[in-house]
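Letters A, B, ... mirror the listed sequences (proteins, then strands); counts begin at 1.
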Amino acid sequence: MINEALREIRRGTAEIIDEARLETLLKNYFEKGETYTVKAGFDPTAPDLHLGHTVLLQKLSVFQKYGGRIQFLIGDFTAQIGDPTGKSETRKKLLPAQVQENAQSYKDQVFKILDPEKTTVVFNADWLNALGSAGILELTTTFNVARMLERDDFDKRHKAGIAISISEFLYPLLQGYDSVHLQSDIEIGGTDQKFNLLMGRHLQRVYETGKEQAVLMMPILEGLDGVQKMSKSLGNYIAVADAPNDMYGKILSISDALMWRYYELLSAKSLNEIDELKTGVENGSLHPKKVKEALAVEITARFHSHESAEAAREEFERVHAQSEMPSEMDEFSLTGPIWVAKALVDCGLSPSTSQSRREIKQGSVKIDQNKLSDEQLQLEAGEYVLQVGKRKFARLKVTQ
RNA sequence: GGUGAGAUACUCAAGUGGCCAACGAGGGCAGACUGUAAAUCUGCUGAUUUUUAUCUUCGAAGGUUCGAAUCCUUCUCUCACCA
């Protein structure tokens with residue numbers, strides 16, 4: 001029993017620090033029914049969760065199965081600094097109302113995976129504001145610049161001559177202090193969070209809390225391109241809030257190699273089941289597309305419903321495999337006669353008439369399934385189905 | 001505080017008076033092909049029904065010039081070295 005739990009917890013992890021402590025916590029749960037706390041921090045500036053975030057959530061839900069109480073931390077205070085990880089950009093200060101709104105949006109999305117009964121949502125401004133300048137000052141004495149600069153991205157930026165703001169040094173310290181305040185037993189995060197996660201251990205020791213959190217790091221999920229991490233700013237993401245059709249289509253577009261990665265990190269299928277699928281594909285008894293379809297349906301169903309996932313699959317087959325028209329598309333009504341390039345812009349299929357003309361020249365524009373070659377075409381009154389490329393459609397009604 | 005270097009399109013990056021709407025790479029979009037929105041190959045990638053044209057754009061504002069991304073002045077920001 002405990003071994004099975006450990007195996008599920010280890011699945012897909014990049015690194016676990018202090019496994020002994022993890023085992024002790026589980027042992028206490030299985031033998032004495034003692035629960036423990038698992039902390040995970042999220043930034044309130046980006047309430048649009050994507051599948052990359054759900055890797056952590058998936059893992060948190062595993063902990064919930066084995067006695068973990070989740071401390072779902074919303075970093076409303078630290079968001080004022082901005083985690084130095086990755087690109088540095090100046091953050092805008094969020095108004096309390098916005099934070100509340102974003103937090104609510106988090107809850108809506110997160111509880112599709114997590115059990116709300118075993119989750120506590122906390123805001124770090126609650127205790128970090130109370131820390132005061134004396135408290136901050138004390139916090140800064142626990143660490144030094146040389147060690148701070150050991151952090152990989154600080155080091156890179158320092159050497160590359162890219163600005164590092166002093167406030168950014170505070171970020172890891174404050175995140176670590178959260179663990180002190182919350183008395184966390186375990187903290188989980190992405191591998192890019194290693195430095196910050198270890199800071200939690202360091203500060204728990206310095207502040208003599210009597211425990212040092214175990215740290216579990218999940219790998220960063222690759223985005224649709226399979227190379228860069230999934231992120232909204234790179235545009236290679238699948239949002240939790242994506243419509244079923246989009247979500248399904250995006251998952252189906254990933255490469256075969258990446259599919260296995262997604263299986264490991266996102267699927268609720270057991271490791272044994274996944275191994276069977278792999279063997280099937282390798283010996284040719286299973287078509288890779290079928291396996292990918294199964295993944296796409298599973299993930300889509302998780303955030304929507306099984307019915308809408310199945311509907312998305314059928315829709316996809318119809319539109320892409322058999323190149324028929326989608327059953328639903330946006331409808332527009334315009335007064336005519338209207339130049340076709342302009343109509344494409346008005347229907348949101350093209351950003352400018354110049355772009356429309358280029359697309360017509362390339363033969364990517366279709367009207368009622370027929371390729372359009374005359375870029376001067378005026379649309380008279382009537383109903384048309386406009387199409388740009390394979391997947392942008394609009395139904396247009398032209399009135400006199 | 002001093003000295004020097006730099007800021008070019010979504011990103012990186014070339015361009016040092018007219019051949020510049022601006023090389024190249026990445027990204028994005030499209031076409032062909034395919035089990036797929038994958039891979040590969042090819043084209044396009046500031047705007048505008050003047051399309052062998054016009055207008056806007058090379059950190060900001062002025063200036064020199066027939067003509068400025070390019071020269072000058074001031075400003076803003078970034079970095080490096082020195083203090």
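Pair assignment for C58(B) gives none, since no Watson-Crick or G-U wobble pairing has each distance under 3.5 Å. Of all nucleotides present, only C82(B) satisfies the Watson-Crick or G-U wobble test against G1(B), with each distance under 3.5 Å. In this entry C44(B) has G28(B) as its Watson-Crick or G-U wobble partner, both defining distances falling under 3.5 Å. Judged by Watson-Crick or G-U wobble contacts below 3.5 Å, the nucleotide C19(B) has no partner. Shown here, U51(B) forms no base pair; nothing in the strands shown gives a Watson-Crick or G-U wobble contact with both key distances under 3.5 Å. If you check U34(B) for Watson-Crick or wobble pairing at under 3.5 angstrom, you find it has no partner at all. Nucleotide A7(B) has U76(B) as its partner under the Watson-Crick or G-U criteria, with both atom distances under 3.5 Å. Base pairing analysis places A69(B) opposite nothing; no Watson-Crick or G-U wobble pair with both distances below 3.5 Å involves it.
Residues Phe332(A) and Tyr384(A) fail the side-chain proximity criterion, which asks for heavy atoms closer than 4.5 Å.
Taking the P atoms as reference points, C10(B) lies 26 Å from U52(B), given to the whole Å. On the C1' atoms, G6(B) is 16 Å away from A60(B), given to the nearest whole Å. The separation of G26(B) from G18(B), taken at their C1' atoms, amounts to 31 Å, rounded to a whole angstrom. When the C1' atom is used for both U73(B) and A68(B), the distance is 15 Å, rounded to whole Å. Look at the C1' atom in both U34(B) and U42(B): the space between them is 16 Å, to the nearest Å. Nucleotides A69(B) and G62(B) have their P atoms positioned 15 Å apart, rounded to a whole Å. Only the C1' atoms considered, A37(B) is 16 Å distant from A32(B), to the nearest whole Å. Using atom C1' as the reference point in both A13(B) and U65(B), the two lie 30 Å apart (nearest Å).
Relative to the side chain of Arg357(A), the nucleotides U49(B), U36(B), A30(B) differ in distance, and U49(B) lies closest. Listed candidates were A38(B), U36(B), U49(B). Nearest to the side chain of Ser255(A) is A38(B). Comparing C33(B), U36(B), A47(B) by their closest approach to the side chain of Arg358(A) singles out A47(B). Taking every side-chain heavy atom of His287(A) into account, G35(B) is the closest of U49(B), G35(B), A37(B). Comparing U48(B), C29(B), U49(B) by their nearest atom to the side chain of Glu359(A) picks out C29(B).
If you measure from atom NZ of Lys292(A) to atom P of G35(B), you get 13 Å, rounded to the nearest angstrom. As a whole-Å value, the separation of Glu293(A) CD from A37(B) C1' is 13 Å. Whole-Å rounding puts the Ile338(A) CD1 to U49(B) C1' distance at 13 Å. Regarding Asp225(A), its CG atom lies at a distance of 7 Å from the P atom of G28(B), rounded to whole Å. Look at NZ on Lys390(A): it is 8 Å from P on A30(B), rounded to the nearest Å. Atom CZ of Arg261(A) and atom C1' of A38(B) are 18 Å apart (whole Å). For the pair Asp374(A) CG and U49(B) C1', the interatomic distance rounds to 12 Å; values are reported in whole Å. Note: CG (Leu344(A)) to P (A30(B)) measures 13 Å, nearest angstrom.
Among the heavy atoms of the strands lying under 4.0 Å from Gln376(A) is at least one base atom, whether or not backbone atoms are also near. Here Gly389(A) lies in heavy-atom contact (under 4.0 Å) with sugar-phosphate atoms only.
Atom CE of Met325(A) has 12 or fewer neighbouring heavy atoms from other residues, nucleotides or ligands inside a 6.0 Å radius. For NZ of Lys112(A), the number of neighbouring non-hydrogen atoms (other residues, nucleotides, ligands) closer than 6.0 Å is greater than 12.
By the rule that hydrophobic residues join a cluster once side-chain heavy atoms approach within less than 4.5 Å of another member, Leu57(A) and Val62(A) end up as members of one cluster. The hydrophobic cluster containing Leu174(A) also contains Met148(A), counting ILVMFWY residues as joined when their side-chain heavy atoms lie under 4.5 angstrom apart, directly or transitively.
Between Lys392(A) and Gln378(A), the one whose closest nucleotide on RNA chain B sits nearer the 5' end is Lys392(A). Nearer to the 5' terminus of RNA chain B, by closest-nucleotide assignment, is the contact made by Gly363(A) (compared with the other of Ser352(A) and Gly363(A)).
In this model, the phosphate group of U48(B) is approached by a side-chain N or O of Thr353(A) to a distance below 4.0 Å at OP1 or OP2. Neither OP1 nor OP2 of U36(B) sits under 4.0 Å from any side-chain N or O of Ser253(A).
Stacking of Lys250(A) on the aromatic ring of Tyr237(A) is recorded, both the 6.0 Å distance cut-off and the 45° axial limit being met.
Between the side chain of Gln362(A) and the base of G31(B), no donor-acceptor pair of N or O atoms lies under 3.5 Å.
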Inset, instruction - Please lay out, stage by stage, how Phe169(A) and Phe143(A) fare under the test ring pair (Phe, Tyr, Trp, His ring centres under 6.0 Å). - result: CA-CA 10 Å; Phe169(A) 278 175; Phe143(A) 218 68; 9.4 Å; no

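By the 5.5 angstrom centroid cut-off and the 30-degree plane limit, Phe316(A) is classified as not stacked against the base of U36(B).
Ring-centre distance between Tyr177(A) and Tyr207(A): below the 6.0 Å cut-off.
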